[in-house]
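These notes concern the structure reproduced below.
One-based numbering along the sequence shown. Counting starts at 1 for both ligands and their atoms, following the listed order.
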Amino acid sequence: MSRFRRRIMGLLCLALSILCGCSVRQTSVEYVIGVSLANLQEQWRLVLKDELEAEAEKYDGVRLVITDAAGDSEKQESDVERLMSYGIDLLIISPSDVEALTPVISRTYEKIPVIVLDRAMEGYDYSLFIGPDNDLIGRQAGKTVLELLAEDGISGASVLEMKNNSFASESRSAEFVKTVSESGIATRSIDLPEATRDCAEDTLLASPELLEGIDVIFAHNDYMAYGARLALDKLGISGIRIVGLDGFSGENGGLQLVEQGAIDATVTCPTGGTEAIRYAVDIMNQVSGIPKQIILRSHRIRPDNVTDYQKESRITGKPSVIRVGYAQIDEESHWRAACTDSIRQAAKDFDIDLTMEFTQPLVEEQTRLVQKFIDQDMDVIVVSPVVAEGWRPVLEEARKAGIPVLLVDRMVDEEEEMYTSFIGADFEEEGRRCARWLLHELPGQPIRVLELTGTEGSSPAQSRKIGFEEVIDGEPECEIAYSACGDFSREEGGRVMQEYLEEHNWDIDAIFAHNDDMALGTLEIMAEQGIRPGMDVKIMSVDGTSDALVALQAGKVNCVVECNPLLGPQLMKAITDLMQGKELPLRIITDESVFTKDTPRSQFQNRKY
Ligand code: AHR
């Protein structure tokens with residue numbers, strides 16, 4: 001936006017501030033952020049608005065222009081268009097119906113950065129998504145209910161679930177019901193017309209039969225939980241446990257209700273308002289390394305942890321120099337080398353004392369190294385787990401020692417409480433992107449795929465396979481005809497191809513390699529047999545390393561899905577934030593591209609790996 005328009009904007013905001021009687025700060029307007037909210041009826045949205053405004057206050061020169069769609073998608077679409085007509089620099093949107101609003105979000109993203117809150121839209125036409133993991137929240141609520149029932153010695157119990165028919169509510173409910181039904185708990189679900197205290201109270205007072213045989217009430221926000229409490233008190237019913245969601249502070253917020261014993265537990269559902277403003281300012285200041293998704297952590301709150309949860313800083317006594325122990329996998333690919341270099345450089349840039357040690361790709365060796373870092377009393381421990389299994393004992397040891405553990409690049413198959421944060425890619429989406437490209441490239445024909453899988457038991461190998469199969473499952477003509485492990489290495493990729501050719505007549509239409517190195521290891525082997533890679537057989541791989549992009553531009557590889565190894569800056573920023581007492585997101589998901597023959601040449605230039 002031009003400076004002239006910015007000044008006009010500043011005057012407009014000034015006028016709006018005076019008309020609304022808001023405090024007026026005499027500063028020039030650097031950035032105007034448009035905020036489109038789904039509604040301002042739900043408490044969650046009111047808290048979101050407060051967080052956005054409170055954080056924006058910390059930045060001179062940032063102005064917010066906030067609109068309220070009152071739950072109407074058509075109005076929200078016109079709100080966004082009106083904000084654009086004001087010449088805003090960035091849009092933050094909490095959509096009322098993300099499908100309905102995807103077109104206007106995509107159109108807006110063509111012109112200015114867009115941060116989507118609360119629910120990620122299909123596709124990736126936005127700058128950054130910030131929201132909770134609704135499936136996890138459902139599981140956490142289910143686990144809390146099971147804990148309460150175990151405390152009461154109740155088996156075969158029944159739960160009354162009070163929902164509001166929102167997208168978040170549906171995904172939370174599905175995971176909740178799945179979690180409790182595995183323990184034989186029956187759930188009776190009702191959808192309330194309004195997610196409010198009064199509606200919940202009135203519903204139960206009008207239909208007390210809903211409570212017959214019920215041992216626990218699970219309400220999809222703390223206000224409905226409070227309404228349930230008021231109804232039980234008026235009906236003179238005791239002995240029914242109540243679990244809510246949101247966990248906000250303040251009058252009748254979930255934290256206060258748990259402290260007072262009005263409800264038995266809640267699960268926090270952070271709004272992301274504070275993070276949205278911080279990242280908005282970084283985006284407008286063109287800070288590099290902005291992630292694609294920030295998945296916020298949710299906590300299970302009971303009377304025994306509600307006080308600790310509200311303590312400001314989770315880390316006390318920031319050390320003058322932060323000591324970090326990093327358990328890295330030994331160099332098995334070009335990707336790994338680029339990742340290691342990025343981590344090392346970022347540690348220097350952030351003045352962090354990094355001890356990075358390498359182990360053979362064995363979980364026993366890696367966990368031994370982590371135990372050594374615990375014994376050395378590191379401030380933070382970072383791991384790139386070679387495989388997903390086998391981590392609980394050493395993560396328990398780190399937790400006992402009070403040392404936060406961050407996962408970088410790969411995930412572990414443990415509960416989210418066992419680690420502080422994950423920074424890396426959405427491996428399933430990488431697999432989906434390969435499959436979507438293949439089906440687009442070879443539409444409506446039989447496709448026999450040879451799959452080169454990565455290290456057995458590693459999260460990238462597991463998840464890329466899941467994502468790829470999820471997309472081709474709907475295509476009966478496309479099948480994985482042969483799958484073998486190439487262990488993410490060029491040599492092993494070549495060996496798999498050699499063996500296939502020795503044992504089969506060539507009958508493969510496409511190769512799906514879980515990484516570039518394995519794909520590149522097959523090219524010469526095929527060429528020696530007269531098979532033209534990229535022509536006689538379509539080749540897809542993941543990483544985006546320079547050798548693969550050279551092969552793609554030569555037509556020998558057809559689709560390279562990026563898996564960004566340059567995780568150093570995000571890791572060191574997260575560690576710095578952590579040591580300043582900030583809570584880290586549960587997952588920080590990197591922004592990644594897809595390269596094909598149609599990718600503009602400019603995107604191949606100035607790459608760092
Ligand atoms: O964990 C990421 C994977 O590990 C990369 O795709 C692969 O090249 C590396 O070995």
Quick check on contacts: which atoms of ligand 1 are under 4.0 angstrom from a heavy atom of [X]?
{"X": "Ser333", "answer": "8 (O), 9 (C), 10 (O)"}
{"X": "Pro460", "answer": "1 (O)"}
{"X": "Phe488", "answer": "7 (C), 10 (O)"}

Residue portion contacting ligand 1 (non-hydrogen atoms closer than 4.0 Å) for Arg464: side chain
For ligand 1, the portion of Arg336 having any non-hydrogen atom under 4.0 Å away: side chain
Under 4.0 Å between a Lys/Arg side-chain N and an Asp/Glu carboxylate O for [X] and [Y]?
{"X": "Arg392", "Y": "Glu396", "value": "yes"}
{"X": "Glu583", "Y": "Arg297", "value": "no"}
{"X": "Glu357", "Y": "Lys372", "value": "yes"}

Whether Tyr500 and Trp506 hold their rings parallel, tilted or perpendicular, with breakpoints at 30° and 60°: perpendicular
Close N or O approach (Asn515, ligand 1; < 3.5 Å): yes
Relative to Tyr126, does Lys292 satisfy both conditions: NZ or CZ under 6.0 angstrom from the six-membered ring centre, and within 45 degrees of the ring's axis? yes
Heavy atom of the protein closest to [atom] (residue, atom name, distance):
{"atom": "atom 4 (O) of ligand 1", "result": "Arg410 NH2, 2.8 Å"}
{"atom": "atom 1 (O) of ligand 1", "result": "Asp409 OD1, 2.5 Å"}
{"atom": "atom 10 (O) of ligand 1", "result": "Glu332 OE2, 2.5 Å"}
{"atom": "atom 8 (O) of ligand 1", "result": "Asp543 OD2, 2.6 Å"}

Of all pairs that satisfy side-chain hydrogen bond (donor to acceptor under 3.5 Å, both in side chains), the ones with a partner from residues 516-525, not counting sequence neighbours: His334-Asp517, Asp516-Ser541, Asp516-Thr545
Residue list, side-chain hydrogen bond (donor to acceptor under 3.5 Å, both in side chains) with Arg336, at least two apart or on another chain: Gln328, Glu332, Asp409
